[in-house]
Amino acid sequence: MVEVLTGRSARIPVRLLIQMTAFLGFSLTAHAENAVDARRINTVCIETILKSCKVLTAGFINKDGGASEGAPMLAWQTQTGFTPEDGVLGGFVLLQSEAGTWRRRDSGFDGWRFFPPRVNEDGLLHVPGYTGGTGAYNADRLYRWDGTAWRAVDMKSWRATIAEHMPSGLQIWKGVQYEFRDPWSGLVARTALWRSDDANCCPTGGQAEIVFAITDDRLVVTEVRHTAPRP
């Protein structure tokens with residue numbers, strides 16, 4: 001289940017976690033992290049670089065099924081604050097429970113806002129995020145469960161090849177909206193499309209749904225479905 005501790009609470013069944021009760025840890029950090037006190041995770045920023053930090057959301061993903069059902073597994077925070085170098089920023093922190101002790105397993109402070117992690121039934125853990133400014137570029141993180149550990153999935157390199165899949169004369173100028181939890185749509189991202197003479201505010205090229213596969217821990221574009229603008 002996912003329990004959001006700030007704002008509304010939500011219980012989200014995740015059948016994937018039945019297979020994860022033997023969870024050992026992320027493959028993202030080679031060295032052991034110091035123990036983290038998560039008792040005030042809903043009110044006190046943990047493992048942060050942000051000054052004047054405030055907690056925006058916080059919660060837990062517990063084991064679902066088996067003899068360890070309900071035992072702690074993962075925890076998260078999303079934060080807001082600032083740094084002298086970059087001004088106002090958002091951040092996220094992911095924790096893992098190891099024999100009753102919480103340890104940091106990943107974090108990021110390169111976006112304007114991050115949102116609670118989402119787990120799908122195929123073993124993907126997605127932390128949505130975006131940068132500030134009119135571009136609202138992606139700061140998302142994606143992790144793949146390989147049966148023994150979480151592995152980071154590259155979400156950036158696909159942009160280097162997207163032009164070869166696009167309709168002629170159309171481009172992506174801003175961040176995209178990823179969707180990984182809908183079993184009917186698969187792994188996709190949705191975005192407006194711009195023509196070269198469009199204003200930044202006002203794309204006229206219709207909509208695109210970008211379809212992905214994961215190859216060698218990278219998102220790889222397999223198809224772009226274009227919806228033309230209305231006349």
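Model, not experiment: these values are computed from the prediction. Counting from 1, the numbers follow the sequence of the chain as shown.
Residues passing the side-chain contact (heavy atoms from CB on, under 4.5 Å) test with Gln177, sequence neighbours excluded: none. Evaluation of the side-chain contact (heavy atoms from CB on, under 4.5 Å) rule for Leu89 yields Leu50, Thr83, Asp86 as partners, not counting sequence neighbours. Listed by chain and residue number, Asp154, Arg218 satisfy the side-chain contact (heavy atoms from CB on, under 4.5 Å) test with Ser157 (two or more places apart in sequence, or in another chain). For the ring-ring contact (aromatic ring centres under 6.0 Å, His included) test, no residue two or more places apart in sequence or in another chain qualifies with Tyr137. Under the side chain to side chain donor-acceptor pair (under 3.5 Å) criterion, Glu209 pairs with Arg190, Arg225, not counting sequence neighbours. Listed by chain and residue number, Thr101, Arg103 satisfy the side-chain contact (heavy atoms from CB on, under 4.5 Å) test with Ala35 (two or more places apart in sequence, or in another chain). For Asp182, there are no salt bridge (Lys or Arg N to Asp or Glu O under 4.0 Å) partners, not counting sequence neighbours. In this structure, Gln207 has no side chain to side chain donor-acceptor pair (under 3.5 Å) partners at least two apart in sequence or on a different chain.
Between the side chains of Thr78 and Arg113, no donor N or O sits under 3.5 Å from an acceptor N or O.
In this structure, the side chain of Asp106 does not engage the main chain of Leu94 through any donor-acceptor pair within 3.5 Å. In terms of modelled atom types and a separation under 3.5 Å, the side chain of Gln77 and the main chain of Ile46 share a donor-acceptor contact. No side-chain donor-acceptor contact under 3.5 Å links Thr48 to the backbone of Cys45. One N or O on the side chain of His226 and one on the backbone of Gly205 form a donor-acceptor pair closer than 3.5 Å. With hydrogens and angles ignored, the 3.5 Å screen pairs no side-chain donor or acceptor of Asn120 with any backbone N or O of Leu125. Side chain of Asp217 to backbone of Val153: no donor-acceptor contact under 3.5 angstrom is found.
Between Thr191 and Gly175, the closest heavy-atom pair is OG1-O, 4.2 Å. Taking both residues in full, the closest heavy atoms of Trp76 and Pro116 are given as CZ2-CB, 3.5 Å, listed atom of the first, atom of the second, then distance. The two residues Gly129 and Phe114 make their nearest non-hydrogen contact at CA-CD2, 3.8 Å. The two residues Val55 and Ala58 have their closest heavy-atom pair at CG1-CB, 4.1 Å. What you find for Val127 and Pro117 is that their closest heavy atoms are CG2-CB, 4.1 Å.
When hydrophobic residues (I, L, V, M, F, W, Y) are linked wherever their side-chain heavy atoms come within less than 4.5 Å, the members clustered with Val188 are Val211. Hydrophobic side-chain contacts under 4.5 Å tie Val44 to no other Ile, Leu, Val, Met, Phe, Trp or Tyr residue. Summarising the hydrophobic clusters (Ile, Leu, Val, Met, Phe, Trp, Tyr; side-chain heavy atoms under 4.5 Å, direct or chained), the residues clustered with Trp112 are Val88, Phe115, Tyr130.
Here CD of Gln171 is found 11.5 Å from CZ of Arg195. Values are rounded to the nearest 0.5 Å. For the atom pair CG (Asp140) and CZ (Phe180), the distance works out to 7.0 Å, reported to the nearest 0.5 Å. Between Leu193 atom CG and Thr204 atom OG1 the span is 9.5 Å, to the nearest 0.5 Å. Of the inter-residue distances, the one linking Leu124 atom CG with Tyr178 atom OH reads 12.5 Å to the nearest 0.5 angstrom. Atom CD1 of Ile210 sits about 10.5 Å away from atom OG1 of Thr222, to the nearest 0.5 Å. The structure places OG of Ser97 at 13.0 Å from CD1 of Ile61, a figure rounded to the nearest 0.5 Å.
Here the side chains of Asn200 and Lys174 are in contact, with some heavy-atom distance below 4.5 Å. Residues Asn138 and Thr131 form no side-chain contact, since every pair of their non-hydrogen atoms from C-beta on lies 4.5 Å or further apart. With contacts defined as side-chain heavy-atom distances shorter than 4.5 Å, the pair Trp145/Asp122 does not qualify. With contacts defined as side-chain heavy-atom distances shorter than 4.5 Å, the pair Leu219/Ile214 qualifies. The shortest side-chain heavy-atom distance between Trp150 and Gln96 does not fall under the 4.5 Å cut-off. By the 4.5 Å heavy-atom criterion applied to side chains, Leu95 and Leu74 are not counted as neighbours. Residues Ser52 and Phe82 are in side-chain contact: their nearest non-hydrogen atoms beyond the backbone lie under 4.5 Å apart.
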Practice problem: Please assess Arg39 against Asp37 for the test salt bridge (charged side-chain N to carboxylate O under 4.0 Å, His left out), listing each intermediate value before the final yes or no. | Solution: CA-CA 6 Å; Arg39 289 175 295 180; Asp37 185 351; 2.7 Å; yes
Practice problem: Assess whether salt bridge (charged side-chain N to carboxylate O under 4.0 Å, His left out) is satisfied between Asp110 and Arg141, documenting all intermediate values. | Solution: CA-CA 11 Å; Asp110 56 348; Arg141 303 300 203 278; 3.2 Å; yes
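Sorted by first and then second residue, the salt bridge (charged side-chain N to carboxylate O under 4.0 Å, His left out) pairs involving residues 40-60 (not counting sequence neighbours) are Glu47-Arg104.
Checked for salt-bridge contact, Glu179 and Arg118 miss the test: no charged N lies under 4.0 Å from a carboxylate O. Using a cut-off of 4.0 Å between Lys/Arg side-chain N and Asp/Glu carboxylate O, Arg151 and Asp216 are scored as not salt-bridged.
The aromatic rings of Trp173 and Trp194 sit parallel to each other, their planes meeting at less than 30°, with 60° as the upper class boundary.
Aromatic pair Phe212/Trp158: ring centres closer than 6.0 Å.
Residues Val220 and Leu187 are members of separate hydrophobic clusters, defined by side-chain heavy-atom contacts under 4.5 angstrom among Ile, Leu, Val, Met, Phe, Trp and Tyr.
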